[in-house]
Amino acid sequence: MLKLREVSAEDKNPQETAEWLAALDDVVEDAGPERASFLLSRVMDRAALAGAAPEYRVNTPYVNTIPPDEQPAYPGNREIERRLKSLIRWNALAMVVRANKYDPGIGGHISSYASLATLVEVGFNHFFHSAYGDQPGDLVYLQGHSAPGYYARAYLEGRLTEKNLENFRHELREQPGLSSYPHPWLMPEFWQFPTVSMGLGPINAIYQARFMKYLENRGMLPESPRKVWAFLGDGEMDEPESVAALRLAAYEKLDNLIFIVNCNLQRLDGPVRGNGKIIQELEALFAGCNWNVIKVIWGCDWDPLLAADKTGLLVQRMNECLDGDYQTFVARGGAYIRKEFFGKYPELLDLVAHLTDEQLAKLRRGGHDPEKVYAAYQRAVEHKGQPTIIIAKTIKGYGLGEAGEGRNITHQQKKLNEQEMEYFCQRFNIPLSPDQIHTVSFYRPPENSPEMQYLHERRRALGGYLPAREPARVLVEVPPLEYLGETLAGSQGREVSTTMAFVRTMTLLLRHPQMGKYVVPIIPDEARTFGIESLFRQIGIYSSQGQLYHPVDQEMFLYYKEARTGQILEEGITEAGSMASTTAAGTAYANHRLPMIPFFIYYSMFGYQRIGDLMWAFADSRGKGFLLGATAGRTTLAGEGLQHQDGQSQLLMTVIPICAVYDPAYAYEIAVIVQDGLRRMYREYEDRFYYITVYNENYAQPKMPEGVREGILKGLYRYQAAENGKAVVQLFGSGPILNEALKAQRILAERYQVAADVWSVTSYSELRRDALETERWNRLHPAEPEWRPYIARALDGAEGPIIAATDYVKAVADQVAPWLPGRLVALGTDGFGRSENREHLRRFFEVSAEAIAAAALAKLARTGKFDPQRAAQALADLGLNPESPDPSRR
Ligand SMILES: Cc1ncc(C[n+]2csc(CCOP(=O)(O)OP(=O)(O)O)c2C)c(N)n1
Ligand SMILES: [Mg+2]
């Protein structure tokens, strides 16, 4: 047992203290540490009731959590594993150095993997399962910028070629290269999880582990010992997302989740906590969140020193040094360590008198010692009822020596000179000649060598190679459009919102005999706002513990029903967490061979502009499903004001290449979009997802007209032609603003005898994408007859100016302006929202029926088709003030 340093100054009765401690030692010796821990917690409770609770402390001393005598024997061949690891280290380094030698500035990272190698290699050799029977294996989230290490391993495994490595960060060459970081979009058979945007790995890993339990509890996956492993940087832990869901992981008892934080004490610029200790800080944070914490700070060669430390002085010295000091110890070497670390107390110098400076410099940190790492992983895998965090201390740039070991510049180091490479090869026994080092050659031992056989044998024993992505083509019966017939028929005059129409569509899908079970409704605490609370009772809210209490509303038909088999993920107020759940569900076809269909419905304002990066990563993951931006529209969400009224998500979402963005006006449009989306994603296996805005304005939902399906999907169709002759102006409307366009059509006809057609524009972004595609083809085929984009074809014969009104910024409609030269007048809601009702908001933002009609007359006047004096008078007649200030900047 390690000794505790005696405290004498404040100890009023050292004799008594010694007796208590001796008693404790006896219990540990006779009955074991568990009994001692039980007794202590009883004593603490008693002390609390007696008003004598000690200061609350969550930190343990700065030593390993697992004492040496509880360390299992290492099951692998240490020597072969070390040789393999060294080769991987070299190939990873060579990949980056080579890339930058021939293409300076192409980038890449050496020092992060250098610090991480042992932590991941112990996993690859002994823990990361690839498959259990007919289900996929563990899910491993790897630190993104340590990618060269995994490529180097895959190269040894024969999964990547030398040419692949040569083309690291050169994906656009003839020979396929390797993407900089884990990008499933770019390497869909290799990478599973995009992790390089710091913070997304941790939160996605937590919700992934939770989603696996959800699938198990719902009986969709058999229970298994599968784990989610997440390798994270200590600097990365500063990101809010990294720590946002720690309490959920503990509350949900995610013992299938293991975090490994690689504490190399450095981030990009310098120390993570120069004046503190990141390991202690993380210990306190995670322990406080009720995680199982395992610290792996010191390697085995420290064990005899700690054992020989009779007074606890060594532990005290370990406790008092700061991370900034520890970093300097690495960079300055053995003599400095002797003087500054041990030399602070003469007794400690005696402790290491038998060691040379070189030996002192080589005293290993826990994260570089396979035995310590193995012990931690083994304990983590066996732990029940809590998620585990392994906090491992390492050295950034391990093995780089002068070229960057522990140096502040090390993160950016990508060019090693010959001497530095020679040092590295010597240090790790890489069998390369000076010539081969000069040309930065890769090295793979012959296939029949003991190393290679060992490498393959280990992975065979664990089920196969990792990382590997295997999207499953599970057949789902996607219902035909008629299945949603009820929503196509309209509301028979009843006033309902598109949000309710969507909920109806989703409810029908939930009831579908084959597809229903795959639907995953995900809500961040807004179900009542959206009118979805009826689903609580129907399909239940998922809760791993069921419902242990009597719900306050249990007498009511639609009570708040929590159940282990519940289907709804009611996430609480976390859009980030909900998006992480959406990601787990929307990629389940690849990670669990289950075609889960997420429907994430949220306040549209708190979507892209709050969690855009998670959405971008969802696209990178080839995620599928539906994102529903509810309470949409700057003027339709009445009363809520500036921070709620969304007038931009329709524009923001269009930047995600695989996201189809729709702004439907009517129930049948939603049904058509959702049904076709299901078909494309889950029957045609297209990698895409959908963003659909839904609103809370109630109005009569019309019956689906004949022949509009294609137009709805492509983005535009004529909803209502002019009744007073051939139209001289075209009115575009989207979402509830389509109704304003229809009113404007009447105003124009009745008061100004102007004939206008009204079009429903369901997606400006789909129209634009189609037009850009056509334009590109024309540009690249100048000698061929020109193709015409859908928007041009759809508008054949439709004459006059076009007034396009949306509840979103004008740039949404402007997306199609290049193909409507001189014709398009965009009306939209640029500016900050206001606390007001719809009528005032629409007048203020100039998207009301009157504003649309006036804009049509003004534009006709400008083109000589209407008397300008009458157009000016119309403004006044329609209640518009030409001198009112522009709302777009107010
Ligand atoms: C959100 C985000 N911000 C910034 C970066 C750029 N970046 C890449 S690695 C890195 C430092 C990482 O430090 P740490 O997490 O400690 O990892 P280490 O390399 O030390 O293992 C930074 C800032 C990023 N990838 N993602
Ligand atoms: Mg770091």
Side-chain angles (χ1 to χ4, degrees), residues 89 92-93 96 106-121 123 141-150 169 179-183 191 193-205 229-244 259-274 276-282 285 296-297 323-324 326-327 330-331 365-368 373 389-400 404-414 576 579-580 610-618 620:
R89 284 180 184 286
L93 175 146
V96 177
I106 197 72
H109 302 84
I110 295 172
S111 59
S112 301
Y113 180 75
S115 69
L116 192 60
T118 300
L119 289 168
V120 288
E121 276 303 296
Y141 290 70
L142 296 159
Q143 245 178 303
H145 56 288
S146 60
Y150 317 112
R169 291 193 168 222
S179 78
S180 51
Y181 303 119
H183 294 306
W191 293 116
F193 306 111
T195 46
V196 78
S197 177
M198 314 258 105
L200 303 193
I203 192 168
N204 276 329
W229 305 78
F231 287 86
L232 316 166
D234 47 358
E236 178 174 19
M237 296 312 290
D238 281 341
E239 286 287 0
E241 291 85 353
S242 298
V243 294
F259 269 19
I260 298 107
V261 183
N262 174 21
C263 289
N264 54 26
L265 314 186
Q266 292 179 239
R267 48 191 178 209
L268 193 152
D269 286 338
V272 176
R273 293 288 186 274
K277 284 221 273 295
I278 186 65
I279 291 179
Q280 299 300 85
E281 190 182 313
L282 292 174
L285 172 67
V296 183
I297 303 180
D323 280 0
Y326 282 115
Q327 187 190 343
V330 170
R365 293 195 173 167
H368 293 299
V373 173
I389 178 174
I390 292 165
I391 316 178
K393 185 163 169 163
T394 62
I395 291 170
K396 191 145 176 167
Y398 185 71
L400 289 183
E405 198 162 3
R407 311 301 202 274
N408 277 338
I409 48 87
T410 195
H411 189 88
Q412 305 289 69
Q413 179 63 285
K414 25 198 132 269
M579 193 60 219
R610 190 176 184 109
I611 52 163
D613 202 17
L614 279 157
M615 292 173 166
W616 187 253
F618 180 56
D620 191 350

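Start at 1 and go down the list; that is how both ligands and their atoms are numbered. For the single chain, residues carry numbers from 1 onward in sequence order.
- Interatomic distance, CG of Leu400 versus CD1 of Ile110, reported as 6.5 Å (0.5 Å rounding).
- For the pair Tyr113 and Val120, the minimum side-chain heavy-atom distance is below 4.5 Å.
- Residue, atom and distance of the protein heavy atom nearest to atom 4 (C) of ligand 1 are Met198 CG, 4.2 Å.
- Between the CD atom in Gln266 and the OH atom in Tyr326 there is a gap of 15.5 Å [rounded to 0.5 Å].
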Test Asn408 against Gln327 for side chain to side chain donor-acceptor pair (under 3.5 Å), laying out the working first. CA-CA 9 Å; Asn408 277 338; Gln327 187 190 343; 2.8 Å; yes
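- Listed for the Arg89 side chain is a donor-acceptor partner under 3.5 Å among the backbone atoms of Ala114.
- Ring pair His145/His109 is perpendicular by interplanar angle, where above 60° counts as perpendicular and below 30° as parallel.
- Within the 4.0 Å heavy-atom cutoff, Glu239 counts among the residues contacting ligand 1.
- Close contacts of ligand 1 with Arg267, meaning ligand atoms under 4.0 Å from a residue heavy atom, involve 13 (O), 16 (O).
- Closest approach of Leu119 and Ala392 over heavy atoms only: CD2-CB, 3.7 Å.
- Counting the atoms of ligand 1 from 1 in the order shown, those under 4.0 Å from a heavy atom of Asn262 are 21 (O).
- Among all non-hydrogen protein atoms, the one lying nearest atom 19 (O) of ligand 1 is Ser112 OG, 2.5 Å.
- Using a 4.0 Å heavy-atom cutoff, Gly199 is absent from the residues neighbouring ligand 1.
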Kindly determine whether Lys393 and Asp234 satisfy salt bridge (Lys or Arg N to Asp or Glu O under 4.0 Å), including the steps that lead there. CA-CA 10 Å; Lys393 185 163 169 163; Asp234 47 358; over 6 Å; no
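- Every atom of ligand 1 is numbered from 1 in the order shown, and the set under 4.0 Å from a heavy atom of Gln143 is 17 (O), 18 (P), 21 (O).
- Those atoms of ligand 1 that come under 4.0 Å of a heavy atom in Glu236, given as number and element, are 14 (P), 15 (O).
- Heavy-atom contacts of Ser197 reach the following atoms of ligand 1: 1 (C), 26 (N) (cutoff under 4.0 Å).
- When each atom of ligand 1 is checked for a heavy atom of Gly235 under 4.0 Å away, the hits are 14 (P), 15 (O), 16 (O).
- In this pair, Phe193 and Tyr141 present their aromatic rings parallel. The plane angle is below 30°, not in the 30 to 60° band.
- Near Asn264, meaning under 4.0 Å from one of its heavy atoms, ligand 1 places the atoms 18 (P), 20 (O), 21 (O).
- Residue contact annotation: Asn264 places an N/O/S atom under 2.8 Å from the Mg ion (ligand 2).
- Listed by atom number, the atoms of ligand 1 under 4.0 Å from Lys396 heavy atoms are 18 (P), 19 (O), 20 (O).
- From the protein, the heavy atom lying nearest to atom 25 (N) of ligand 1 is Val196 O, 2.9 Å.
- Distance check for atom 2 (C) of ligand 1: a protein heavy atom is found below 4.0 Å.
- At the shortest separation from atom 6 (C) of ligand 1 among protein heavy atoms lies Leu268 CD1, 4.7 Å.
- One of the N, O or S atoms belonging to Asp234 lies under 2.8 Å away from the Mg ion (ligand 2).
- Taken from CD1 in Ile391 to CG in Leu232, the straight-line distance is 11.0 Å, to the nearest 0.5 Å.
- At least one N/O/S atom of Gln266, whether from backbone or side chain, sits less than 2.8 Å from the Mg ion (ligand 2).
- No donor-acceptor distance shorter than 3.5 angstrom exists from the side chain of Lys396 to the backbone of Ser115, with no hydrogens or angles considered.
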